[in-house]
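Naming: A, B, ... by sequence-line order, numbering from 1 per chain.
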Number of protein chains: 2
Amino acid sequence: MDDSLGNVEDAVDSPLSDLEHDRSRLGRSSTAERVADILRDRVTEGFFEPGQRLSEEAIADALGVSRNTLRESFRLLGHEGLLDHRLNRGVFVRVLSAEDVADLYRVRRVIEGAAVRRRPSGEALTVIREAVADAERAAASDDWRGVGTANIRFHQALVTLNQSPRLDESMRQLLAELRLVFHVMKNPRAFHEPFVARNRKLLALLEADRPEEAAAFLDAYLDEAEQLLVRAYEPNR
Amino acid sequence: MDDSLGNVEDAVDSPLSDLEHDRSRLGRSSTAERVADILRDRVTEGFFEPGQRLSEEAIADALGVSRNTLRESFRLLGHEGLLDHRLNRGVFVRVLSAEDVADLYRVRRVIEGAAVRRRPSGEALTVIREAVADAERAAASDDWRGVGTANIRFHQALVTLNQSPRLDESMRQLLAELRLVFHVMKNPRAFHEPFVARNRKLLALLEADRPEEAAAFLDAYLDEAEQLLVRAYEPNR
DNA sequence: TCTTGTCGAATTGTTCAACGATCCTTATGT
DNA sequence: ACATAAGGATCGTTGAACAATTCGACAAGA
């Protein structure tokens with residue numbers, strides 16, 4: 001890797017370093033992990049309902065993989081909190097209690113709160129702006145499911161202000177768990193609509209470099225979101 | 001389950017709900033998980049050195065379990081950040097970069113910082129006091145390894161102030177990762193001794209209910225700890 | 001009627017042996 | 001010295017097998 005040689009590779013130097021960015025996706029094949037990806041999607045999208053048992057034989061058969069491989073996948077998702085592995089009984093889609101929801105929001109207040117107190121980099125702000133705009137666009141066309149995913153992207157982007165890969169990863173998992181709960185909202189509009197404008201407001205506070213106000217605003221934001229969720233959730237226990 | 005019947009069960013109603021509390025300990029076995037426990041200990045205690053490859057056949061043979069079971073264990077530890085799973089190459093004890101260390105401390109500042117800003121419950125304070133006392137006792141008898149573990153207990157107890165099971169678990173994993181790094185300190189005394197008195201000071205600030213000062217003190221505390229670690233660590237890259 | 005014991009089917013937990021795929025080292029040839 | 005090819009070691013995955021455990025059903029007993 002000596003650039004001083006001035007060989008033909010220099011011509012594609014920039015696009016090449018772009019490619020390097022995708023390298024993390026390369027090693028990423030392995031039947032067990034791919035199966036885990038599929039199951040993760042299915043669980044978070046609600047295809048498998050919370051509490052439902054995932055039969056090893058049935059799923060291994062359906063996906064065309066062996067039970068052993070499937071079990072490796074189960075271990076991964078169990079560790080992510082999406083599946084509940086009970087000894088000798090099988091794996092079940094995790095059922096979150098109201099107390100779990102409260103805990104998830106406790107963590108959000110800590111991680112997102114720390115994020116908005118930081119002086120944002122322009123780069124991070126760009127991503128946040130896009131998420132806000134996407135949510136507004138989706139709301140304008142009554143696509144409340146789209147609002148939900150844009151909203152998730154917004155909060156994920158907020159956390160990147162911490163500049164910590166581990167916190168990013170924690171947030172990713174946290175939001176995956178939270179999606180398990182979102183499905184109980186029968187009226188997605190009622191849950192997502194109030195927050196579109198707040199995202200815009202929070203972004204403005206960040207851009208104005210008023211971290212303490214942003215933090216206070218976020219706290220109220222999360223309080224209300226939690227209330228909405230718990231209220232719709234508590235009855236089903 | 002109608003209590004109004006006034007049957008004999010009423011007499012044991014209270015002790016029965018006590019029993020439920022122990023239910024979590026029941027499911028607690030499974031060869032794969034027990035193997036994961038053993039390996040986790042071995043890795044954090046330094047028996048397996050960072051970078052070392054863990055042969056499936058050799059370890060499965062040594063522990064008397066099958067390769068498939070061992071692989072399930074590997075998946076668990078891989079997700080905890082202690083093992084590095086490279087496709088078709090095997091699992092290696094994770095090697096943390098200086099950037100990883102910085103990230104771990106970034107997370108600590110967020111999680112522990114949030115913790116000390118809370119009004120501590122008397123119960124949590126008791127555990128913290130014990131950890132401080134243990135560290136002082138160990139230091140008095142030149143047991144610097146003991147100081148290290150008491151110190152870890154101290155910070156783990158700090159995090160419980162957040163009253164969040166998920167943050168507790170995150171901290172547990174984070175500290176396990178950090179232990180991977182601690183082993184590079186050839187002089188444990190130089191690394192642990194300065195913090196015994198600071199633990200006491202931080203505890204005093206908590207007891208005096210001065211959260212902002214506690215937070216500022218903790219930040220400086222973590223800054224110095226990180227500096228010490230990185231300085232001893234950077235050369236070995 | 002309620003509790004307790006027992007049986008059997010279904011499912012998970014774990015092992016084992018096998019084979020292709022991939023990586024690493026070493027030997028080979030230019 | 002360098003690229004290439006061969007070989008061995010190890011991983012990835014499978015399929016089958018069997019023990020262990022759960023759970024529901026049903027019978028026996030208080």
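- Nearest to the side chain of B:T31, among C:dT22, D:dT13, C:dT14, sits C:dT14.
- With A:D84 contributing its side chain and A:V95 its backbone, the two residues share no donor-acceptor pair below 3.5 Å.
- Atom-to-atom, CG of A:L87 to C1' of D:dC23 comes out at 15 Å; the value is rounded to the nearest Å.
- Within the 3.5 Å criterion, the main-chain N or O of A:V159 finds no donor-acceptor partner in the side chain of A:E112.
- A salt bridge does not link B:E72 to B:R75: none of the charged nitrogens lies less than 4.0 Å from a carboxylate oxygen.
- For the pair A:N88 CG and D:dT21 C1', the interatomic distance rounds to 4 Å; values are reported in whole Å.
- With hydrogens and angles disregarded, a donor-acceptor distance shorter than 3.5 Å links the side chain of A:H183 to the backbone of A:T44.
- Residue B:R89 places no side-chain N or O under 4.0 Å from the OP1 or OP2 atom of D:dG12.
- The separation between A:E33 atom CD and D:dC11 atom P is 16 Å, rounded to whole Å.
- Taking each heavy atom of B:E177 and B:L96 in turn, the nearest pair found is O-CD1, 3.4 Å.
- Between the C1' atom of D:dG12 and the CG atom of A:L76 lies a distance of 14 Å, rounded to the nearest Å.
- Residues B:E226 and B:R106 are not paired through a salt bridge, judged by the lack of any N-O separation under 4.0 Å between the basic side chain and the carboxylate.
- Within a heavy-atom distance below 4.0 Å of DNA chain C, the residues of residues 54-71 of chain B found are B:G64, B:V65, B:S66, B:R67, B:N68, B:T69.
- To the nearest angstrom, C1' of C:dT12 lies 11 Å from CZ of A:F92.
- Taking atom CD on A:E72 and atom P on D:dG12, their separation rounds to 8 Å, with Å as the unit.
- In terms of phosphate contacts, A:H85 brings a side-chain nitrogen or oxygen within less than 4.0 Å of OP1 or OP2 of C:dG13.
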